[in-house]
Protein chains: 4
Amino acid sequence: MKFKEEQPIYLQIADLICENILSGRWPPGERIPSVRDAAVSMEVNPNTALRAYDYLQNLGIIYKNRGIGYFVAEDGLEKTRVLKREDFFSNILPNVIKTMKLLGIQYAEIEKYFD
Amino acid sequence: MKFKEEQPIYLQIADLICENILSGRWPPGERIPSVRDAAVSMEVNPNTALRAYDYLQNLGIIYKNRGIGYFVAEDGLEKTRVLKREDFFSNILPNVIKTMKLLGIQYAEIEKYFD
Amino acid sequence: MKFKEEQPIYLQIADLICENILSGRWPPGERIPSVRDAAVSMEVNPNTALRAYDYLQNLGIIYKNRGIGYFVAEDGLEKTRVLKREDFFSNILPNVIKTMKLLGIQYAEIEKYFD
Amino acid sequence: MKFKEEQPIYLQIADLICENILSGRWPPGERIPSVRDAAVSMEVNPNTALRAYDYLQNLGIIYKNRGIGYFVAEDGLEKTRVLKREDFFSNILPNVIKTMKLLGIQYAEIEKYFD
DNA sequence: GTGGTCTAGACCACC
DNA sequence: GTGGTCTAGACCACA
């Protein structure tokens, strides 16, 4: 697996997990891959994978059962959605709008990307 | 001045300068605030401000006259525009689209923000 | 059954058993629930329940008759009492006192809890 | 520095920091030792010290200034006090009371420890 | 100098 | 098998 330079790997892993939750591939209650398996399949150190899991657990998106594994929280899908929407509407979107204004990009120019 | 956690402060400062250039407040040839003044007004370490200036100088957006100060390059506005557009269309926009898909946000929901 | 995060589940189970012994519900010589039953009723892995029993057996508080079950040792009540008192006076109590000092909690504040 | 076996070292370090805050030695706004210095003086790996700092930062008790160090949050003393009191009154104290009942320990027996 | 990330690998506790 | 902790040490970004 190839990761970007600009962001810590563990955050990118956390994002991947969120995408799997949002897309419905990992529904609430579902067990997600073990830390070790995730580390192997993504070719990172187990500690790095664990860190991503830990991060999401702190957010309440996943939880662990001792000795068994990590699971998507019952409200994990909802929480992820809320967090990401919040981020989108308060950070990403305003930034995009601001950038477009500065660059003089009209909506018509980007319309075609919305498919 | 308050900076975000997710990005190095010096890059955020560089962005602010770019905004001033793009908005026309600092036209090509104009002298921009000294590193020291910038550092004081933004409450950052002078080294951090210097780093932002250095970064923009490497991009050819500003240049330095020793003993005098930093100036917007003659083609600084154009360069900034090109760089930011490139970034917008290859990184920011695709990411926004992807996020919107994952979150099920329709264009209609964000239309109103385009004013 | 719900267990705390801070302590291994098997120790929490062992504690529950000790409480039953101390309270007199399970007098010396009495047969205690089978590992299997305990595991089912507490919704834990049988291995985890077994570990608790094993732990208490090593302490000499319970013993096992093969094919029959686990029993409270003749001196099980006494042993439990001694162990718990030792723990109380050398660990728990000093810690409580220290915490109270740090937090500025006076004895008067907790007096009412002693009923 | 010598640490107990029963608890992760990083939590014990976090506790030590809390004690310094509660005792007033490190008032709100004060810079606390750098991760490296703490690691050296406690003879642990820098990662372990960092983990303690990170843990307390998540609780909002300390915060960091990038490139400068960690500081006690303005409301760090208050937060620590609230957290510890909460823990004391909902967990520690009830447990002590319960244990005392089971062991038949009277208040008179422990009175002398309150000095 | 500060903190942060990551790896490699050991060793442990738990289920 | 699961996750958790810790060390040693490298390397980086930032102020």
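Worth knowing before you read on, the calculation uses all heavy atoms, side chains too, and leaves out hydrogens, waters and symmetry mates. Lettering follows sequence order; numbering is per chain, from 1.
Residue Ile9(A) contributes atom CD1, which lies 11 Å from atom P of dT5(E) at whole-angstrom precision. dT2(E) atom P lies 18 Å from atom CG of Asp54(D), rounded to whole Å. The interatomic distance linking Glu5(C) (CD) with dT2(F) (C1') rounds to 14 Å, in whole Å. In this structure, Arg51(A) atom CZ and dC6(F) atom P are separated by 15 Å, rounded to whole Å. Asn45(B) places its CG atom 15 Å from the C1' atom of dG3(E), with the value rounded to the nearest Å. As a whole-Å value, the separation of Tyr10(A) OH from dT5(E) P is 4 Å. Per the geometry, CD belonging to Glu43(D) stands 16 Å off C1' belonging to dA8(F), to the nearest Å. Taking atom CZ on Phe3(D) and atom C1' on dT5(F), their separation rounds to 13 Å, with Å as the unit.
Listed candidates were dT7(F), dC15(E), dG3(E). Nearest to the side chain of Arg66(A) is dC15(E). You'll find that the side chain of Ser34(A) is closest to dT2(F), out of dT7(E), dG4(F), dT2(F).
The closest side-chain heavy-atom distance from Pro33(B) to Tyr53(B) is below 4.5 Å. Between Ile17(D) and Trp26(D), the closest side-chain pair of non-hydrogen atoms falls below 4.5 Å.
Applying the 3.5 Å distance criterion, the base of dG1(F) shares no donor-acceptor pair with the side chain of Asp37(A). The base of dG9(F) lies close enough to the side chain of Asn47(D) for a donor and an acceptor atom to sit less than 3.5 Å apart. In the interface, the side chain of Arg36(D) is not paired with the base of dG1(E) through any donor and acceptor atom under 3.5 Å apart.
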Residue pair Lys84(A), Asp15(A): steps toward the salt bridge (Lys or Arg N to Asp or Glu O under 4.0 Å) verdict: CA-CA 10 Å; Lys84(A) 293 284 181 186; Asp15(A) 264 348; 2.7 Å; yes

Does the pair Glu86(A) and Ser90(A) meet the rule for a side chain to side chain donor-acceptor pair (under 3.5 Å), with working shown? CA-CA 6 Å; Glu86(A) 159 73 13; Ser90(A) 353; 3.1 Å; yes

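Relative ring orientation between Tyr63(B) and Phe71(B) is described as parallel, the plane-to-plane angle staying below 30° on a 0-90° scale split at 30° and 60°.
At dG4(E), one or more side-chain N or O atoms of Tyr70(D) fall inside 4.0 Å of OP1 or OP2 (strictly under the cut-off). Note on Tyr55(A): every side-chain N or O is 4.0 Å or more away from OP1 and OP2 of dT5(E).
At a threshold of 4.0 Å, the pair Glu19(D)-Lys98(C) counts as salt-bridged, since one of the basic side-chain nitrogens sits closer than that to a carboxylate oxygen.
If Leu11(B) and Gly69(A) are placed on DNA chain F by their nearest nucleotide, the residue sitting closer to the 5' end is Gly69(A). Map Gln7(A) and Thr48(C) each onto its nearest nucleotide of DNA chain E; the residue landing nearer the 5' end is Gln7(A).
Base pairing in DNA chain F yields stems of at least 3 consecutive Watson-Crick or G-U pairs, both distances under 3.5 Å, namely E:1-14 with F:1-14.
Atom-to-atom distance recorded for Ile32(A):CD1 and Asp37(A):CG is 11.0 Å, nearest 0.5 angstrom.
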